Undergrad: 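One structure, as structure tokens, below. Some questions next.
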Amino acid sequence: MTFFEYGDTEIAYLSAACPKMAEAIKRAGKINRKIDADLFEALISTIVSQLISTKAANTIFGRLNELVEKMTPDAILAKSDDEIRACGLSYRKVGYIKGICEAIKSGELDLSELTALSDEDVIAKLVKLNGIGVWSAEMFLIFSLHRPDILSYGDLVIRKGVMKLHGLERISKKEFEVYRKLYSPYGSTASLYLWHLANEN
């Protein structure tokens, strides 16, 4: 199992930039969040996971893996919509998944080129796919491409973490940008702690 990598450099920078973040980091310790280096599987998992619990998503993704035996565009396209839906997916999600497969097969989406693109260009590429929005693309940047500086305004839990850390009742996009710049260039590591903080009792 591979986790998002960060270390003393990121911790020292964030702690110096924000004393409140320093306290949160010290309290939480090292945070291990799994990453998925298989870019195709990660995109399919993104669709599967939308709007359902992690437990349900893992169950459905496991069934899909069993159905296709090997997670490839060809293997998925070889199955009928009904076969894939029987794994626990809606027809809309089946359409999204097959759309990703078709985009890869046609060359519209070249997963291998994503690693060389900027964060902004990766997002622009991915949001052209039905079922992938900006938030999903940002999570892909963190947990598949291991990009170091992603702090998502579209993530409700991240916003909750920022508000909790800084004693705010609400936060606008303009205000959020101040904190994004504060944590840059290690926004992804800050995200790990903000997610953790938001879920603390």
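Just so it is clear, the structure is predicted and the values come from calculations on it, not from any experiment. Numbering of residues begins at 1 and proceeds along the displayed sequence. The figures here come from the full heavy-atom set of this structure, side chains too, leaving out hydrogens, waters and symmetry mates.
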Undergrad: When rounded to the nearest 0.5 angstrom, what is the spacing between OH in Tyr13 and OG1 in Thr189?
TA: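 Taking OH in Tyr13 and OG1 in Thr189, the distance rounds to 12.0 Å.
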
Undergrad: Got more than 12 heavy atoms from elsewhere within 6.0 Å of CH2, Trp195?
TA: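 Above 12, so yes.
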
Undergrad: Could you give the distance from CG (Leu64) to NZ (Lys93), rounded to the nearest 0.5 Å?
TA: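 It is 11.5 Å, given to the nearest 0.5 Å.
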
Undergrad: Using a 4.5 Å cut-off on heavy atoms from C-beta on, say whether the side chain of Leu165 contacts that of Tyr193.
TA: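 No, side chains not in contact.
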
Undergrad: Would a 4.5 Å heavy-atom cut-off, applied to side chains only, mark Val48 and Asn58 as touching?
TA: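 Contact flag for Val48/Asn58 side chains = no.
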
Undergrad: Would you check if there is a donor-acceptor pair between the side chains of Ser184 and Asp149 at a distance under 3.5 Å?
TA: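 Asp149 vs Ser184: donor-acceptor pair found between side chains.
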
Undergrad: Are the side chains of Ile44 and Phe61 in contact, using a 4.5 Å heavy-atom criterion?
TA: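 They are in side-chain contact.
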
Undergrad: Which atoms form the tightest heavy-atom contact between Ile25 and Ser15, and what is the distance?
TA: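 Distance-wise, the nearest heavy atoms are CD1-OG, 4.0 Å.
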
Undergrad: If I take atom CZ from residue Phe143 and atom OG from residue Ser188, how far apart are they, to the nearest 0.5 angstrom?
TA: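 Reported value, rounded in 0.5 Å steps: 8.0 Å.
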
Undergrad: Using a 4.5 Å cut-off on heavy atoms from C-beta on, say whether the side chain of His166 contacts that of Cys18.
TA: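 Result yes, sub-4.5 Å side-chain heavy-atom pair found.
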
Undergrad: Is the shortest heavy-atom distance from the side chain of Asp36 to the side chain of Thr2 under 4.5 Å?
TA: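 In short, these two side chains do not touch, never coming nearer than 4.5 Å.
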
Undergrad: Do Lys30 and Phe3 form a cation-pi contact, if we require the NZ or CZ to be under 6.0 Å from the six-membered ring centre and within 45 degrees of the ring's axis?
TA: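 No; the conditions do not both hold, so Lys30 does not lie above the ring face of Phe3.
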
Undergrad: Heavy-atom count around Lys160 NZ within 6.0 Å, excluding the residue itself: above 12?
TA: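 No, because the 6.0 Å sphere around NZ of Lys160 holds 12 heavy atoms or fewer from other groups.
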
Undergrad: Do Ile11 and Tyr183 share a hydrophobic cluster, counting only Ile, Leu, Val, Met, Phe, Trp and Tyr and linking them when any side-chain heavy atoms are less than 4.5 Å apart?
TA: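 Result: yes, single cluster for both.
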
Undergrad: Please evaluate residues Lys79 and Val68 with respect to the criterion side chain to side chain contact (heavy atoms under 4.5 Å, CB included), reporting the C-alpha separation (whole Å), side-chain torsions for both, the decisive distance (0.1 Å), and the verdict.
TA: CA-CA 8 Å; Lys79 301 298 180 181; Val68 300; 4.2 Å; yes

Undergrad: Where do Arg27 and Glu200 land on the salt bridge (charged side-chain N to carboxylate O under 4.0 Å, His left out) test, with the steps shown first?
TA: CA-CA 11 Å; Arg27 188 166 63 248; Glu200 272 185 334; 3.2 Å; yes

Undergrad: Leu194 and Met21: side chain to side chain contact (heavy atoms under 4.5 Å, CB included), yes or no, with the steps?
TA: CA-CA 9 Å; Leu194 291 166; Met21 177 63 78; 4.1 Å; yes

Undergrad: Tell me, yes or no, whether the heavy-atom count around Glu69 atom CD, taken from other residues, nucleotides or ligands under 6.0 Å, exceeds 12.
TA: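 Open.
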
Undergrad: Is a side-chain N or O of Gln50 found less than 3.5 angstrom from the main chain of Gly131, in a donor-acceptor match?
TA: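 Side chain of Gln50 to backbone of Gly131, a donor-acceptor pair under 3.5 Å: yes, one is there.
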
Undergrad: Hey, does the Lys NZ or Arg CZ of Arg180 hover above the aromatic six-ring of Tyr153, less than 6.0 Å from the centre and inside 45° of the axis?
TA: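 No.
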
Undergrad: Working to the nearest 0.5 Å, report the span between CG of Leu192 and CD of Glu10.
TA: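 Atom-to-atom, Leu192:CG and Glu10:CD are 10.0 Å apart.
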
Undergrad: Closest approach of Ser118 and Arg147, non-hydrogen atoms and distance?
TA: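 Looking at all heavy atoms of both residues, the closest pair is C-NH1, 3.6 Å.
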
Undergrad: Are Leu77 and Leu67 co-members of a hydrophobic cluster defined by side-chain heavy atoms under 4.5 Å apart?
TA: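 Not linked; separate clusters.
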
Undergrad: In terms of hydrophobic clusters joined by side-chain contacts under 4.5 Å, are Tyr91 and Leu89 together?
TA: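 Cluster IDs for Tyr91 and Leu89 differ.
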
Undergrad: When rounded to the nearest 0.5 angstrom, what distance separates NZ in Lys125 from CG in Leu117?
TA: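 One gets 6.5 Å once the value is rounded to the nearest 0.5 Å.
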
Undergrad: Evaluate whether atom CG of Asp8 has more than 12 neighbouring non-hydrogen atoms of other residues, nucleotides or ligands under 6.0 angstrom away.
TA: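 No.
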
Undergrad: When rounded to the nearest 0.5 angstrom, what is the spacing between CD in Glu41 and NZ in Lys70?
TA: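 Separation between the atoms: 10.5 Å.
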
Undergrad: Is there a path of hydrophobic side-chain contacts, each under 4.5 Å between heavy atoms of I/L/V/M/F/W/Y residues, joining Ile171 to Val178?
TA: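 No, because Val178 and Ile171 fall into different hydrophobic clusters, even though each may have its own neighbours under 4.5 Å.
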
Undergrad: Quick one: does His146's side chain have a donor or acceptor within less than 3.5 Å of a partner on Glu5's backbone?
TA: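 Checking the backbone N and O of Glu5 against the side chain of His146, a donor-acceptor pair under 3.5 Å is found.
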
Undergrad: Go through the side-chain N and O atoms of Asp110 and Ser112 and say whether any donor and acceptor fall under 3.5 Å apart.
TA: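 Asp110 vs Ser112: donor-acceptor pair found between side chains.
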
Undergrad: Do Met139 and Thr46 come within less than 4.5 Å of each other through their side chains, counting heavy atoms only?
TA: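 In short, these two side chains do not touch, never coming nearer than 4.5 Å.
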
Undergrad: Under 4.5 Å between any side-chain heavy atoms of Thr9 and Tyr186, yes or no?
TA: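 Sidechains of Tyr186 and Thr9: in contact.
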
Undergrad: Can you give me the closest heavy-atom contact between Leu129 and Ala103, atom names plus distance?
TA: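 So the two residues come closest at CD2-CB, 3.7 Å.
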
Undergrad: Locate the shortest heavy-atom distance separating Gly88 from Ile60; write the atom from each residue and the value.
TA: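 Heavy atoms of Gly88 and Ile60 come nearest at O-CD1, 3.5 Å.
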
Undergrad: Is there a side chain to side chain contact (heavy atoms under 4.5 Å, CB included) between Ser144 and Ile35? Walk through the geometry before answering.
TA: CA-CA 6 Å; Ser144 293; Ile35 63 171; over 6 Å; no

Undergrad: Are Leu156 and Ile150 connected in a single hydrophobic cluster, I mean Ile/Leu/Val/Met/Phe/Trp/Tyr linked by side-chain heavy atoms less than 4.5 Å apart?
TA: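 Different clusters: Ile150 never reaches Leu156 through Ile, Leu, Val, Met, Phe, Trp or Tyr contacts under 4.5 Å.
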
Undergrad: Taking all non-hydrogen atoms of both residues into account, name the closest pair between Val162 and Phe176 and its distance.
TA: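 Val162 and Phe176 have their closest heavy atoms at CG2-CE1, 4.0 Å.
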
Undergrad: Given side chain to side chain contact (heavy atoms under 4.5 Å, CB included), test Leu126 with Leu43 step by step and report yes or no.
TA: CA-CA 9 Å; Leu126 293 182; Leu43 280 180; 4.2 Å; yes

Undergrad: If you look at every heavy atom in Gly187 and Leu151, which pair is closest and at what distance?
TA: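 Here Gly187 and Leu151 meet closest at O-CD1, 3.6 Å.
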
Undergrad: Does NZ or CZ of Arg33 lie under 6.0 Å from the centre of the six-membered ring of Phe4, at an angle within 45° of the ring axis?
TA: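 Judged by the rule (NZ or CZ under 6.0 Å from the ring centre, within 45° of its axis), Arg33 is not positioned above Phe4.
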
